[in-house]
Every structure is written in C-alpha cells, then in structure tokens.
Amino acid sequence: MMNLKLLIVCLICLVWQQASFAQTDSLKFPDLNYPDYNGYKGKRNCDLPMSEAIFIPLARQVFNTPDEAQKMLIALEVLKDNCLAVAQIMKLGSLLKDENNRLNFLKQAAPHVYDLLHYGQATQILQTSEATNAFLQFARKQRQSGGNNNHSNNNSNNNNNGNNNNSNPTNITHTPCLSAISEAEYKAMRRKVRRIYTNDMKEATAKRVIQQYRCLSVKQIRGVLRLFHYENASLRIAKFAYDYAVDKKNYMSLKRFFKFPSNRNSFTYFVNSRK
C-alpha cells in the first residue's frame with residue numbers, strides 16, 4: 001500500500017515538473033503556410049538565411065518578453081546585420097500582438113529578406129484587410145526594385161504606435177550554441193562552398209558561411225575541410241572554425257585530417273593554445 005502511494009506521489013511530481021517546464025519553454029508559432037527557402041533562386045536581399053540553431057534562441061527572447069514595446073525592439077534588433085528567410089520573419093512577427101507592430105516589423109525586415117519573391121506570403125500574420133493591403137503594396141514595390149531602396153523611411157512608421165517610443169537601449173543576448181545546425185542546413189552551406197572553384201574565393205566563402213551559421217559540429221567542419229584540395233587552406237579554415245564548434249572537446253580529432261607533420265603540429269599547437 002505504501003509503495004502504491006509513493007508511486008502516485010512520484011507520478012504527480014513528474015507531471016508537475018513537465019507542466020512547469022512547458023510553461024517556461026512553450027515557444028510555438030502559429031500553424032501557417034511557411035514558404036521553404038531551400039532551392040530558392042529568385043531575387044534576394046542577402047546571402048544566406050540565419051540557421052535555426054541561432055534563430056530559435058533569439059525568437060525565444062522575443063517570446064519571453066512580456067512588454068509589447070520591448071518585444072518590438074528586440075525583434076528589430078534580431079534583424080540587424082542578419083539575413084532571414086520569409087518563414088523566420090513571419091515567425092518573429094507572429095510573436096508581436098499589435099497589428100501595427102506586425103506591419104511595421106514586416107516593412108523594416110525587407111532589407112534582410114533572403115527569399116524576396118516569397119515575401120507576399122507574410123500577410124498570413126496580418127489580421128486586418130487594411131494592414132494586409134498596405135503590406136502587399138509594399139511587398140510589390142520591393143519585388144520590383146530588388147528590395148534595397150524602400151526601407152530608409154520605415155523608422156518613421158514606428159511613431160504611429162506610442163508603445164514603440166523607448167529611449168532605453170535593447171540588448172540581444174546571443175545564446176551560445178547548444179546544438180549543431182540541421183543536416184539540411186549543413187548540406188546547403190556545403191553546396192555554397194563546393195560550387196566555388198577559385199581557391200581564394202572558396203576559402204572566403206567558407207569563412208563567410210561558417211560565420212553565418214555559427215553552430216557547427218566537428219563532423220560538419222571536417223566535411224567542409226574536405227572541399228579543399230590544398231592542406232594549407234584546410235588548416236586556415238580549421239583554425240577559423242574553432243570558435244563556431246559546438247563540441248570543442250572533440251576538436252583535436254581533426255588533427256588526423258592533416259597529412260603533413262608541419263600542418264599537424266601547427267593545428268595541435270593552435271588547439272592547445274585555445275584551451
């Protein structure tokens with residue numbers, strides 16, 4: 001009888017813990033028809049969308065901010081110096097409650113859109129016909145112009161909503177990578193490097209996409225190294241990618257990739273110096 005009571009108490013505790021976790025980490029997005037940017041070859045405003053491993057922690061910061069004005073400021077901060085797919089912009093915008101904020105966010109996100117021809121689908125997060133028509137007209141001009149010339153006056157739109165006037169600076173905490181990018185993202189990243197034939201451009205492209213995706217496993221980094229025919233270039237990439245590895249404890253395993261003793265020793269010295 002005592003064992004049964006103990007079992008019931010344990011089950012109740014387990015359910016309570018799960019419910020508590022769900023309350024603190026319940027980020028979810030509306031069930032919409034999010035466009036897929038994979039294989040996209042149309043007009044774009046930037047080079048490569050932010051990886052999901054980076055996007056989700058940033059979206060969670062917006063989600064967990066109770067004040068609407070701060071939500072807007074943080075969402076706009078996510079846009080800075082970043083490239084996002086339309087699906088990611090829709091998801092961020094859906095976390096805003098105010099319709100004007102959603103519309104203004106979509107407009108200010110335009111310079112950061114990767115798959116520009118999909119941008120009209122972002123109307124799914126708008127609820128009023130007035131906001132929908134305003135955005136469709138804006139998106140049409142973006143597609144016609146390429147998207148880079150119509151965002152200079154967007155900041156004035158924020159004054160339409162008093163909640164957005166906030167003199168306090170907003171800080172985005174770039175959460176350390178907890179997991180590597182997905183296999184689909186890794187393949188897309190690798191394709192961008194593989195299709196470059198000149199050595200200098202290939203190396204520059206590899207560094208750019210590594211910096212863009214940021215969250216890579218040692219196994220994924222090894223796959224990038226295999227794209228280079230010259231071991232010196234592979235060594236430079238291996239050193240550059242160290243800061244973006246999610247499993248740095250395994251980084252020394254890349255030493256076996258290098259055949260020349262000088263490169264192997266240089267890599268070993270580098271990794272030991274970073275510990």
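In this text, all values refer to a predicted model and were calculated from it rather than measured experimentally.
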**Q** To the closest 0.5 Å, what do you measure between CE (M90) and CG (L106)?
**A** 9.0 Å
**Q** What pair of heavy atoms forms the shortest contact from M252 to N272, and how long is it?
**A**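 Residues M252 and N272, closest heavy atoms: CE-OD1, 3.4 Å.
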**Q** Checking the side chain of Q88 only, and the main-chain atoms of P49 only, is there a donor and an acceptor separated by less than 3.5 Å?
**A**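 Checking the backbone N and O of P49 against the side chain of Q88, no donor-acceptor pair under 3.5 Å is found.
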**Q** Counting the benzene-type ring for Trp, do Y186 and Y213 have ring centres under 6.0 Å apart?
**A**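 Ring-ring flag for Y186/Y213: false, centres at least 6.0 Å apart.
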**Q** Give a yes or no on whether the backbone of S94 and the side-chain of R102 come within a donor-acceptor separation of less than 3.5 Å.
**A**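 Pair found, side chain donor or acceptor close to backbone of S94.
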**Q** Mind checking the OH-CG spacing from Y244 to L216? Nearest 0.5 Å is all I need.
**A** 10.0 Å
**Q** Taking N82's backbone N and O only, do any of them form a donor-acceptor pair with H112's side chain (distance below 3.5 Å, no angle check)?
**A** yes
**Q** Side chains of V78 and Q61: closer than 4.5 Å at any heavy-atom pair?
**A**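 Contact flag for V78/Q61 side chains = no.
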**Q** Of all heavy-atom pairs between A180 and S217, which one has the smallest distance, and what is that distance?
**A**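 Heavy-atom minimum between the residues: CB-N, 3.6 Å.
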**Q** Walk me through whether V224 and M189 qualify under side chain to side chain contact (heavy atoms under 4.5 Å, CB included).
**A** CA-CA 9 Å; V224 175; M189 183 190 90; 3.5 Å; yes
**Q** Does the side chain of D47 come under 3.5 Å of the side chain of Q212 through a donor N or O and an acceptor N or O?
**A**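 Q212 and D47 do not have a side-chain donor-acceptor pair below 3.5 Å.
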**Q** Closer than 3.5 angstrom, by distance alone: can the side chain of K71 be matched with the main-chain N or O of T65 as a donor-acceptor pair?
**A**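 Checking the backbone N and O of T65 against the side chain of K71, a donor-acceptor pair under 3.5 Å is found.
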**Q** Are L235 and Y230 connected in the hydrophobic side-chain network, where two residues link if heavy atoms are under 4.5 Å apart?
**A**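 Unlinked, L235 and Y230 end up in two clusters.
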**Q** Is Y37 close to R44 at the side-chain level, that is, under 4.5 Å between some pair of heavy atoms?
**A** no
**Q** Between OG of S129 and CG of L136, what distance do you get to the nearest 0.5 Å?
**A** 11.0 Å
**Q** Spell out, as yes or no, whether a donor-acceptor pair under 3.5 Å connects the side chain of E231 to the backbone of N263.
**A**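 It does not hold such a pair.
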**Q** Under the 3.5 angstrom rule, does the side chain of D67 hit a backbone N or O of Q70 as a donor-acceptor pair?
**A** yes
**Q** Applying the salt bridge (charged side-chain N to carboxylate O under 4.0 Å, His left out) test to D243, which of R274, R214, K248, K207 qualifies?
**A** R274
**Q** May I ask you to test the Y114-V86 pair for a side-chain heavy-atom distance under 4.5 Å?
**A**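 When only atoms from C-beta onward are counted, V86 and Y114 do not touch, as no gap falls below 4.5 Å.
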**Q** Taking the side chain as C-beta and beyond, is there a heavy-atom pair between K255 and V271 under 4.5 Å?
**A** no
**Q** Could you check whether any side-chain N or O of Y40 sits under 3.5 Å from a backbone N or O of L117, counting only pairs where one atom can act as donor and the other as acceptor?
**A** yes
**Q** Dump the intermediate steps for side chain to side chain contact (heavy atoms under 4.5 Å, CB included) on F63 and K28, then the final yes or no.
**A** CA-CA 9 Å; F63 175 76; K28 59 182 179 180; 5.7 Å; no
**Q** A side-chain contact here means heavy atoms from C-beta on lying under 4.5 Å apart; do I221 and Y251 qualify?
**A** yes
**Q** Tell me if the CG atom of D200 is crowded by more than 12 foreign heavy atoms within 6.0 Å.
**A** no
**Q** How long is the gap from CG on D31 to CG on N33, to the nearest 0.5 Å?
**A**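 Going from the CG atom of D31 to the CG atom of N33 covers 9.5 Å.
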**Q** Would you compute the distance between atom CG of D115 and atom CG of N45 and round it to the nearest 0.5 angstrom?
**A**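 Here the rounded value is 10.0 Å.
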**Q** Could you walk me through whether E185 and S51 satisfy the side-chain hydrogen bond (donor to acceptor under 3.5 Å, both in side chains) test, starting with their C-alpha distance in whole Å, then the side-chain angles of each, then the deciding distance to 0.1 Å, before giving a yes or no?
**A** CA-CA 7 Å; E185 290 173 320; S51 72; 4.8 Å; no
**Q** Restricting to non-hydrogen atoms, name the atom on L96 and the atom on N101 that form the minimum distance, rounded to 0.1 Å.
**A** CD1-O, 3.8 Å
**Q** Quick one: does any side-chain atom of K202 pair with a main-chain N or O of V193 as donor and acceptor, under 3.5 Å?
**A**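 Pair found, side chain donor or acceptor close to backbone of V193.
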**Q** side-chain hydrogen bond (donor to acceptor under 3.5 Å, both in side chains): which pairs involve residues 233-242, sequence neighbours left out?
**A**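 Of all non-adjacent pairs touching residues 233-242, those that pass side-chain hydrogen bond (donor to acceptor under 3.5 Å, both in side chains) are E203-R236, K239-S266.
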**Q** Of the non-hydrogen atoms in L126 and A131, which two are nearest, and what is the gap between them?
**A**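 Taking every non-hydrogen atom into account, CD1-O, 3.6 Å.
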**Q** Let me see the working for L92 and F55 under side chain to side chain contact (heavy atoms under 4.5 Å, CB included), right down to the final yes or no.
**A** CA-CA 9 Å; L92 267 184; F55 172 74; 3.7 Å; yes
**Q** Give me the other members of the hydrophobic cluster that M201 sits in, counting Ile, Leu, Val, Met, Phe, Trp and Tyr linked by side-chain heavy atoms under 4.5 Å, directly or via other members.
**A**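 Noted: M201 shares its cluster with I196.
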**Q** Closer than 3.5 angstrom, by distance alone: can the side chain of Q220 be matched with the main-chain N or O of I181 as a donor-acceptor pair?
**A**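 Yes: the side chain of Q220 pairs with the backbone of I181.
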**Q** For the CZ atom of F138 and the CG atom of L103, what is their distance to the nearest 0.5 Å?
**A** 9.0 Å
**Q** Side chains of N232 and F260: does their closest heavy-atom pair fall under 4.5 Å?
**A** no
**Q** Under 4.5 Å between any side-chain heavy atoms of F258 and N265, yes or no?
**A**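 No, side chains not in contact.
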**Q** Which atoms form the tightest heavy-atom contact between F267 and L254, and what is the distance?
**A** CZ-CB, 3.6 Å
**Q** Can you check side chain to side chain contact (heavy atoms under 4.5 Å, CB included) on S179 and V246, steps first, answer last?
**A** CA-CA 6 Å; S179 60; V246 297; over 6 Å; no
**Q** For residues 238-275, pull every pair meeting disulfide (SG to SG under 2.5 Å), keeping only residues two or more places apart or in separate chains.
**A** none
**Q** Is it the case that the side chain of E68 and the backbone of D98 share a donor-acceptor pair, with hydrogens and angles ignored and the cut-off at 3.5 Å?
**A** yes
**Q** So which heavy atom on R226 is nearest to which on F257, and how close?
**A** CG-CE1, 3.8 Å
**Q** Hey, does Y34 have a side-chain heavy atom less than 4.5 Å from the side chain of Q124?
**A**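 Answer no - side chains too far apart.
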